[in-house]
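Heads up: the structure comes next, in structure tokens.
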Protein chains: 2
Amino acid sequence: MDGRHARGVHTRRITLARAVDIATVDGLEGLTLGRLAADLQLSKSGIFAHFGSKEDLQLATISFAEEVFTEHVLRPAFQAPRGKPRLLALFDRWMDFSRARVFVGGCFFSAVTAEFDARDGKVHDVVVRWSRVWNELLARLVAECVEEGHMAEVADVDQLVFELNALGRAANHDSLLTREDSHYDRALTAVRSRLGAPG
Amino acid sequence: MDGRHARGVHTRRITLARAVDIATVDGLEGLTLGRLAADLQLSKSGIFAHFGSKEDLQLATISFAEEVFTEHVLRPAFQAPRGKPRLLALFDRWMDFSRARVFVGGCFFSAVTAEFDARDGKVHDVVVRWSRVWNELLARLVAECVEEGHMAEVADVDQLVFELNALGRAANHDSLLTREDSHYDRALTAVRSRLGAPG
DNA sequence: ACACTATCTGACCGATCGTTCGTATAACTT
DNA sequence: AAGTTATACGAACGATCGGTCAGATAGTGT
């Protein structure tokens, strides 16, 4: 249960990798031990033993998605220079991440926040916490744009962050819904325009 | 099965009314015959007989939500004068509809499009169709703003529609997630700013 | 009042859900 | 090699899923 042996660590990883894919399509509630077991050719009880409960499996899946998102989006974006280049890089990476279908159902957090926004419980709370961190990150990057002189003073940072976030999530959902990826360009265009024309 | 008797019509209505509420919180997949029956104090098979299959129940729920949305949002918005007043009225009504929790889980279509965007099947197809109609409506209202001289020529109407739609859905999801309704004002502010300052 | 039909129920189906448990099989420690 | 854990399995649990069906109940038209 503690994952000390290499075998267990590996099983846990491939389980969570499959779990995020399932969750982006069918939701964290549509994520099922039986399906997970069938897909991975493992026993239901074997998988269950790794997590202890369905809720803990859902929470572990969120953590795993966080890691992947950090690796694919946050980390590379932070290699761009502070200020506007970094904010734009974050957005580019986010949209690329969704467009490339790193998870088959697109952006994990867009999917899961929509799924759990109206529910109660631990999963909802964790999603709210992540959402707050994400918004604060965007706010910080906006503030850095101003500090670096790349943007004029922003009257209401939270307002701007709300809009940026709205555009990114909409691009994800619309591209999944229509199976066209023109919406990513729409979002990128809107973001650049909203931040002031030049790169 | 044909709903000729008044009794059947009533049962069908209260069933669908409960169904939309459940669906906005737990999704159309989380919508369950057993739960519906328990909530309404009816038998599972009795409810089932009205729809014939779970999928048909889901589709009927979508139709019902459409009616309510039309009644609460579209129809009153169309009483505003053609052009910008009408477009703004539509947005105001939409946000009010979500904010007032006419459905306990907010905007039905924001929830369901997010739930089914990555899936296949009839429900997905119906949602895509509705989404297209909704976007075309927004595009038409934008065009009318230009025609009425309330707005300057719009270079890319679809781009603007994408942004408006993004803002509205984000307000719905964020307000549900955080249980604060400041996001509605954010969306309304952004929309007015994007359409050009004066009302 | 009667027949007819729409509506609803209750018992039941096989499948699947999350979960428990005893046991076998690996993998490390010594 | 033996002993000790970590890991995985298989069978079973009560609950619930969507769905079926025969029969009771209610409403309508004549």
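Residue numbers start from 1 in every chain, and the chains themselves are labelled A, B, ... in the order their sequence lines are given, proteins ahead of strands.
- R179(A) meets the salt bridge (Lys or Arg N to Asp or Glu O under 4.0 Å) test with D120(B); sequence neighbours excluded.
- Between F51(A) and L16(A), some side-chain heavy-atom pair lies under the 4.5 Å cut-off.
- Sorted by residue number, the list of members of residues 117-124 of chain A with any non-hydrogen atom under 4.0 Å from DNA chain C is empty.
- In this structure, H50(B) reaches the dC8(C) phosphate: one of its side-chain N or O atoms is under 4.0 Å from OP1 or OP2.
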(request) Encode nucleotides 25-30 of chain D as B, S and - characters from 5' to 3', where the letter depends on protein heavy atoms closer than 4.0 Å: B to the base, S only to sugar-phosphate, - to neither. (result) -SSS--
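- Ring centroid separation for the pair Y184(B) and W94(B) does not come in under the 6.0 Å cut-off.
- Within residues 20-45 of chain B, the residues having any heavy atom closer than 4.0 Å to DNA chain C are, in order of number, L42(B), S43(B), S45(B).
- Closest approach of R18(A) and R35(A) over heavy atoms only: NH2-NH2, 4.3 Å.
- Residues meeting the salt bridge (Lys or Arg N to Asp or Glu O under 4.0 Å) test with E67(B), sequence neighbours left out: none.
- Between the side chains of N172(A) and S98(A), at least one donor N or O lies within less than 3.5 Å of an accepting N or O.
- Between dT7(C) and H10(B), no contact under 4.0 Å exists linking OP1 or OP2 to a side-chain N or O.
- D21(B) pairs by the salt bridge (Lys or Arg N to Asp or Glu O under 4.0 Å) definition with nothing, not counting sequence neighbours.
- R186(B) has a carboxylate O that lies under 4.0 Å from a charged side-chain N of D156(A), or vice versa, which qualifies the two as a salt bridge.
- Looking at F64(A), F103(A), W130(A) one by one, the single match for ring pair (Phe, Tyr, Trp, His ring centres under 6.0 Å) with F69(A) turns out to be W130(A).
- Other residues, nucleotides and ligands contribute over 12 non-hydrogen atoms within 6.0 Å of the CZ atom of R82(A).
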